[in-house]
2 protein chains.
Amino acid sequence: MLDKNDFTPLYIQLYRQLRLKIVNGEYKQGEAIPSETEMMKLFDTTRGTIRKALSLLVNEGLVHQVRGKGTFVRLSPLQYSITNFGGFTDYLKNRNELAVSKVLDQCRITIDGEEYYQLTRARGVKKEDSVTYLMIDTSLLPVSLFPDLDKNSFENESLYKILRDKYLVKPTRSEISLSPVLIDDQMRNILELKDDEVALLKAEGNIYDQNNRKIEKVKIVYSPTIEFNIMTSINSSK
Amino acid sequence: MLDKNDFTPLYIQLYRQLRLKIVNGEYKQGEAIPSETEMMKLFDTTRGTIRKALSLLVNEGLVHQVRGKGTFVRLSPLQYSITNFGGFTDYLKNRNELAVSKVLDQCRITIDGEEYYQLTRARGVKKEDSVTYLMIDTSLLPVSLFPDLDKNSFENESLYKILRDKYLVKPTRSEISLSPVLIDDQMRNILELKDDEVALLKAEGNIYDQNNRKIEKVKIVYSPTIEFNIMTSINSSK
DNA sequence: TAGTGGTCTAGACCACGGT
DNA sequence: CCGTGGTCTAGACCACTAG
């Protein structure tokens, strides 16, 4: 089940496989997944590796563990829970949904002497021929890092896939700040908001690559359709 | 340095000690903390334990690791970054700041046949004799779980300390949903908002205890003074 | 080359849940 | 009682950084 010749770490491979089975409903809500010792045999690896994979799922809230009982799929699945700012397309692919992007604006601008591509997109999902837009997303990418980036089409290709494949840049880390924002006409039209909606949630911040270079500034405004959920564990300090 | 007779796990003890040295400025921003092998000798434990403690700091964003170089204190410390809904007092104590609470309302209400204490507080920090309120916090706690809870004073005592000490209930996990909210007069007065502020960030959700019982419903409205920051690592799916 | 963090192994003992 | 997850040990090899 795990490929020891693959360069990706075993615990990542395992994490992805388990994750898939959960979002596909193969492991059902509330049910237990195989125990750690069972998985040691199933995947021919040690408990440390299993537990490292499971800890990723626990952090994500997809699974919770109870000593003496087992590891269970979370009862209430998060809806559109955004814990991952690293690519909308990848995020939806993990959920087996089809991402749609519509370019609203594309230009070059200069800020503090540095030239950037500015790309504004409406992003959503396609379900049974109808498209629902879920967010409006503005990216600023330095021209110096990504020459000729604007020769690509962003309607159909994932931006992060282009960065990975053509520029060998892997987005690895994000620092995001959340705040409310008043609704303007563009948001109201694209996100099809009701008249009594006044403010939306905005995320703003930077994305860094594997070498800790700042590769992108982002600003995302979320439709109220998206539930912005967070799950935390609490460290009692006493 | 670590107490192997203490019931709290070694990696938690280590995590707290390192955390203290960072927030106290003993380990300075941008500087390296002792390497993992050094710490093995310093604390007389194995690398696995060290790494488990460090991973907590990494998740919190207080520290980042670079292969071949070392472990460094984050250059830009988050300001009031709320990743922990498990107690405002504890949170500020970890930052060496003094929490202040002011009870705005306290009553009993019945929802769906279940009786709750409802407690609304303004919460802030005290610095050099002046108090800045940072959030307005409404808690609903079931009377059935916490008889006589309203005999306590919440002005000076931490709610979670009372739950832990008198009811042996440990808040362990939170499920929180974020959304924007329009400002009303109470918010404007207490949080001392400027006239051009229109909307604030609101967090709403449930807190669970060690036995996965829902012990509290919370609603928190945050002052714009608080920066609601999130740091994530990105799992490229390819 | 020496030191760093990233991954992995193969054990061990424990507290807890259900039988 | 056995199986579960929680913690801890004592090694190993690797990729990367820097002098």
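By convention in this document, chain letters (A, B, ...) are assigned in the order of the sequence lines, proteins followed by strands, and residues within each chain are numbered from 1.
- Bounding nucleotides for the chain A contact on DNA chain C, 5' to 3', at a heavy-atom distance below 4.0 Å, are dT7(C) to dG18(C).
- Defined by atom type and a distance below 3.5 Å, a donor-acceptor pair is missing between the side-chain atoms of Ser179(A) and Glu204(A).
- Between Tyr222(B) and Met135(B), the closest heavy-atom pair is CE2-CE, 3.7 Å.
- Listed by chain and residue number, nothing satisfies the ring-ring contact (aromatic ring centres under 6.0 Å, His included) test with Phe43(B) (two or more places apart in sequence, or in another chain).
- When heavy atoms are screened at a 4.0 angstrom cut-off, Leu54(B) is found touching no nucleic acid atom at all.
- For the strand DNA chain D, secondary-structure stems (runs of at least three Watson-Crick or G-U pairs, all distances below 3.5 Å) span C:1-18 with D:1-18.
- Of all the residues in residues 43-51 of chain B, Thr45(B), Thr46(B), Arg47(B), Thr49(B) reach under 4.0 Å from DNA chain D with at least one non-hydrogen atom.
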Table of protein N/O atoms under 3.5 Å from nucleotides 17-19 of chain D N/O atoms:
unit_1  : atom_1 : unit_2   : atom_2 : d
dA18(D) : OP1    : Lys69(B) : NZ     : 3.2

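- Listed here is the closest heavy atom pair of Leu18(B) and Tyr27(B): CD2-CE1, 4.0 Å.
- In this structure, the ring-ring contact (aromatic ring centres under 6.0 Å, His included) partners of Phe146(B), at least two apart in sequence or on a different chain, are Tyr167(B).
- Nearest approach of Ile33(B) to Val73(B), heavy atoms of both residues: CG2-CG2, 3.9 Å.
- Inspection of the Glu36(A) and Thr71(A) side chains reveals no N or O donor paired with an N or O acceptor under 3.5 Å.
- Neither OP1 nor OP2 of dT4(D) sits under 4.0 Å from any side-chain N or O of Thr71(A).
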